[in-house]
Amino acid sequence: MATDFIIIGGGLVGSALSHGLLKAGATVTILDEGDLAYRASRGNFGLVWVQSKGDGMPEYAQWSRESSDLWVDFARSLGEATGINVGHHRPGGLELCLEPEEYEAFETSIKRMHNQGGVGDNDRRMISGDEVRAMEPNVGPEVIGAAYCPHDGIVNPLLTLRALHRIAANAKADYRADHRVERIIPLGQGQNGGFRVVTQRGDFVAGKVILAAGNGSAALGADVGLDIPVGPERGHIIVTERTRPLFNHVLGQVRQTDEGTVMLGATKESVGFDTGFNPAMIRKVASNAVRKIPALKGLRMIRSWSALRIMSPDGFPVYQESDEHPGAYSISCHSGVTLAAAHAVSLAPRLLQPGFNDHYAAFSPRRFDVPKTD
Amino acid sequence: MSTEMDVVVIGAGPAGMAAAAAAARAGASVAVLDEQPAPGGQIYRAVEAVQRNRPADMSFMGSAYAHGTKVTEAFRAVRTDYRPGATVWHIGAFGKGKRRDVVMSRGGVAETISASHVVIATGALERPVPIPGWTLPGVMSVGAVQSALKTSGVYPSGKLVLAGSGPLMLQLAAQLIAAHVPIEAIVDTTPPGALARAFFHLPFAFISGETLMKGLQLRKTVMNSGVPIYSGASHLAAHGEGKLSNLSFTSAGRDITLDADVVALHEGVIPNTQLSRLVDAEHRWNDVQRCFHPVTDQWGETTEPGVYVTGDGGGIAGGLAAERSGTITGLAIARRLGLMEDSARDLVVEEQRLRRFIDSAIRGFLDRYYPAPSWIGVAADDVVLCRCEEVTAGQLREAMAHGCSGPNQAKSFLRCGMGPCQGRMCANSVTEVMAAQSGASPDQVGAFRIRPPAKPVTLAEVASLDVG
Amino acid sequence: MFQRLTDPSRKPVSFRFEGQEIEGAEGDTVAAALLAAGITSLKDAPASGSPRSPYCMMGVCFECLVEIDGAGHQQACLIPIREGMDVRRHLAAQNIGEAVAGDTQ
């Protein structure tokens, strides 16, 4: 039985899109992988982050801000529909600086974004070390300053995913775990052709198909004429035992959960699809954390792992409808948490209308094409 | 502080001691890391201290335990870098020169040893027994009672009930009887028809003649002790408000409730796979023992090169077999290091294999006489599986209905396996319940991915790591 | 819940639990000494707060977590008692730094 949409990928991007599509009355099939998939949705901090987004692309700065604003009602609606409190808070965020180079880099970025126009720097500003310590008593003396933005917040990404899955189930979406997609076959030509999606456990047919499988989308894109230039960037995370509430705001690399555990990040490595453990990275995460928040020294690391971000060459989202096979879309980003609200509320309805590429022209992967010389 | 060794052995039980001694005697530099203050593992826990400070207690602990003094003496006689009180929390991937970093915490300080061969000899743990009420104070494992007896000469006061099935429970009962500790009752969950089940393995039991005789002697002691024994028991449940007050069960068609202050549960022993999972070695489900075993070759090497598992951690075969396996692994490593020829190695290995066969031949019989429980997969919905986060079997089944297809998703959905014990107490039960619910095999269902740290360690220690 | 096999030759060792003086014997693990002293619950379950007692006594169940001489997250069943040791109950949430009032996230 054919559905209106097949969404490949049941993570934060795919699930958020399903939410919007189901609300608009579309029928949806979601194909997800099994227990050991890469699952960026499981490896992140849950930051609903605005500051620093879109330095070099004002549309992205705007999109992030829009999503952060939408998140307030979005979180409430998830709670009302499922009884799950996804723990969304927006107290403002701080990126702490230990070195002058970090501080200067943020300062320069703010200036650049201010000059981009549109939402400009999204109200991000630099504050001194003493100001930071006045706001956050647990910040240590080595911190020389911070970038602050009032629109930054957090949410529990696992509960958000659970809520979105539950809403999909309640709306009778066809959710299939353990259905790794092998290829997509366009049926016929033109808008009404539809697509057959082949998985290891059977085939599915739909009028439209959305590739929202994070780093898994790139390989499938070729089947439907979609260029999806994203690749893995590894980050290591530490989770500690529970402690009492330590912060009034959200700190970019030191994030305390509602349960009281503290998550620490944020390293970057280009190692391909390797989620191995690099002790040198873990040492770096721990060392940065205790320099910023000395009280963390005696807190125990309970778990650590690495996960793969979905990164385009400039770090900004890639959204596209296929020219060759209209009705096939790719939706990829590394900020699946921040953009979940915008994906569900603003982007999803556009999948039901013409003119997708025009509307999201800034996010087209064409921006990476090397200009041809005639 | 970082050191280089040929071999790091993790665990100073019989297998670890034997592996370390065999490799060290051949000339390898060997570090032995163990989290306890003295060697012996669990089976010979505190045996040196008991012999030295409480020799009178030896008499009731039994000859199997007393054998431990010989094993620790032999270990002490060999030169190794033995570090008690060391908690290993990470075993790294192969780095430069095909060496791995073993990272440990000792006295609050991080230490790293790099070695070309790592032997995981961390043995076994008792199969967690998720009966209703098992988290009540007063409910513990048979091994727990035995450990308290070994390390501290301390035993349960009030009404003590032993409940479960297996040689360890028998051994504890005999030890308590010999020590004149009153036992209220033994609730034996061994299903009826034991001898018929195990019949074809009986000839092998005779091969392990000495072990069989000891076992029969223990059984005789218990049966003649006057302690009430309820056979073929099932549907155990512990009850109480804030602490245990009674145990209910069914036996011979009757529903029975016994007042109890302490219930000691036991349903067999399973490999402790925490470290073998940490290195991402391949594991396979054993349907008879109902647990995962690391896949190893004849020398004990796992699918991760340079990492070995020896002793009960590779599959339950008992303390004596563990000494043999440890020796075989130690010799194999010595050969790999170029410290002995094939012929010298094989000479000793052949003899060790024969002795191991004799020591463990009874295993097939025991595994069928005292079978692994078949009820864990169908535990009632309100039974707690994950003690740390209080996740029930019903919640796990509900998550499965919502698309959770394996233990790692269960972790994300429910925090099951995310507590302090890092899944040690719930891993087996989670796999059993998910397999029973989905109809998939335990191998298909899989197990928790284990990530460092193997045991929690402070951020200060992590920040001071000497790696990379 | 637990009591001792009497053995007059064992050297007594005194330590404190939650400020209360406890007498154990040389070689006791902290967990065994506390059980013998009648202390049945060392920590509470993190979610429901219901009392917990050691289950395995060999370092795998983590129900015996205590704070010893200021260091948290210690497994009482693996550590021998020492004269003058200061043992406290394990806190579900560690007391580090300065707690902040109001919204924490």
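Note on naming: letters A, B, ... go to the chains in the order of the sequence lines (proteins, then strands), and numbering restarts at 1 for each one. Because the structure is a prediction, the values reported are computed rather than measured. Computation of the quantities below employed the complete heavy-atom set of this structure, encompassing side-chain atoms and omitting hydrogens, waters and symmetry-equivalent molecules.
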Inset, instruction - Step by step, work out the side-chain contact (heavy atoms from CB on, under 4.5 Å) result for Q3(C) and V154(B). - result: CA-CA 6 Å; Q3(C) 63 192 54; V154(B) 159; over 6 Å; no
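Side-chain atoms of T87(B) and L78(C), non-hydrogen and from C-beta on, never get closer than 4.5 Å to each other. Annotation: side chain of D28(C) is not in contact with side chain of T151(B) (no heavy-atom distance under 4.5 Å). Contact annotation: the side chain of M1(C) approaches that of V262(B) to within less than 4.5 Å [non-hydrogen atoms, C-beta and beyond]. In this structure, the side chains of M425(B) and E63(C) stay at 4.5 Å or more apart for every pair of heavy atoms. Within the 4.5 Å cutoff, side-chain heavy atoms of V129(B) are placed close to those of Y55(C).
There is no contact between L244(B) and chain C, counting heavy-atom distances below 4.5 Å. With a 4.5 Å cut-off on non-hydrogen atoms, L265(B) touches chain C through its side chain but not through its backbone. Using a 4.5 Å cut-off between heavy atoms, L65(C) contacts chain B through its side chain alone, with no backbone atom that close. Of the two parts of R10(C), only the side chain, counted from C-beta on, holds a non-hydrogen atom closer than 4.5 Å to a non-hydrogen atom of chain B.
In this structure, the side chain of E390(B) engages the main chain of S48(C) through a donor-acceptor pair within 3.5 Å. Formation of a donor-acceptor pair under 3.5 Å by the S152(B) side chain with backbone atoms of T29(C) is found in this model.
Note on P51(C), A32(C), A71(C): by heavy-atom pairs under 4.5 Å with chain B, the leading option is P51(C). Contact tally against chain C (heavy-atom pairs below 4.5 Å) for E126(B), R45(B), Q274(B), K243(B): the top residue is R45(B). Comparing E35(B), E389(B), Q42(B), R387(B) by how many heavy-atom pairs each has under 4.5 Å with chain C, the most go to R387(B).
The minimum heavy-atom distance between S141(B) and C56(C), with the atom names listed, is OG-CA, 3.8 Å. Taking both residues in full, the closest heavy atoms of P456(B) and H73(C) are given as CG-NE2, 3.5 Å, listed atom of the first, atom of the second, then distance. Residues P137(B) and T40(C) come closest through the heavy atom pair CB-O, 4.4 Å.
Annotation: E21(C), atom CD; neighbour count of heavy atoms from other residues, nucleotides and ligands within 6.0 Å is above 12.
Annotation: the span from M57(C) atom CE to Q146(B) atom CD amounts to 12.0 Å, rounded to 0.5 Å. The line from SG of C421(B) to CD of Q75(C) is 10.0 Å long, rounded to the nearest 0.5 Å.
By the 6.0 Å and 45° rule, R424(B) does not stack over the aromatic ring of F62(C).
Residues that satisfy the salt bridge (charged side-chain N to carboxylate O under 4.0 Å, His left out) test with D57(B), not counting sequence neighbours, are R54(B).
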